[in-house]
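Please read the structure below before turning to the comments.
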Amino acid sequence: MNNKQANKNIRCRVTSCDYHCDDQDYCSLSCIQVEPCANCHDAKAADESMCASYKCCR
């Protein structure tokens with residue numbers, strides 16, 4: 001069991017991130033930084049931006 005508090009304002013399904021709340025689809029950070037992906041301009045949402053606050057938990 002972890003002691004992370006889900007931030008209901010930041011939805012997240014990236015289970016490999018250390019800040020992901022394991023039992024919920026939320027982030028435990030109080031805020032995140034969203035950054036543009038380098039050299040990508042294809043106008044597809046999944047390719048254009050990323051969470052710069054990501055920290056691998058593995």
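- Residues forming a side-chain contact (heavy atoms from CB on, under 4.5 Å) with Cys31 (at least two apart in sequence, or on another chain): none.
- Listed by chain and number, the hydrophobic cluster partners of Met50 come to none, as no ILVMFWY side chain reaches under 4.5 Å of it.
- Legend: residues meeting side-chain contact (heavy atoms from CB on, under 4.5 Å) with Ala52, ordered by chain and number and at least two apart, are Gln33, Glu35.
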Which pairs would a plain distance check flag for residues 6-14, meaning a side-chain donor or acceptor within less than 3.5 Å of a matching protein atom at least two apart in sequence or in another chain?
from: Asn7; atom 1: OD1; to: Asn9; atom 2: N; distance (Å): 2.9
from: Asn7; atom 1: ND2; to: Leu29; atom 2: O; distance (Å): 2.9
from: Asn7; atom 1: ND2; to: Ser30; atom 2: O; distance (Å): 3.2
from: Lys8; atom 1: NZ; to: Gln24; atom 2: OE1; distance (Å): 2.9
from: Arg11; atom 1: NH1; to: Tyr26; atom 2: OH; distance (Å): 3.4

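- For Asp25, there are no salt bridge (charged side-chain N to carboxylate O under 4.0 Å, His left out) partners two or more places apart in sequence or in a different chain.
- A distance of 7.5 Å separates SG of Cys37 from CD of Glu48, quoted to the nearest 0.5 Å.
- Under the side-chain hydrogen bond (donor to acceptor under 3.5 Å, both in side chains) criterion, Tyr19 pairs with no residue at all, not counting sequence neighbours.
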Kindly determine whether Lys4 and Asp23 satisfy side-chain contact (heavy atoms from CB on, under 4.5 Å), including the steps that lead there.
CA-CA 10 Å; Lys4 296 176 188 172; Asp23 57 342; over 6 Å; no
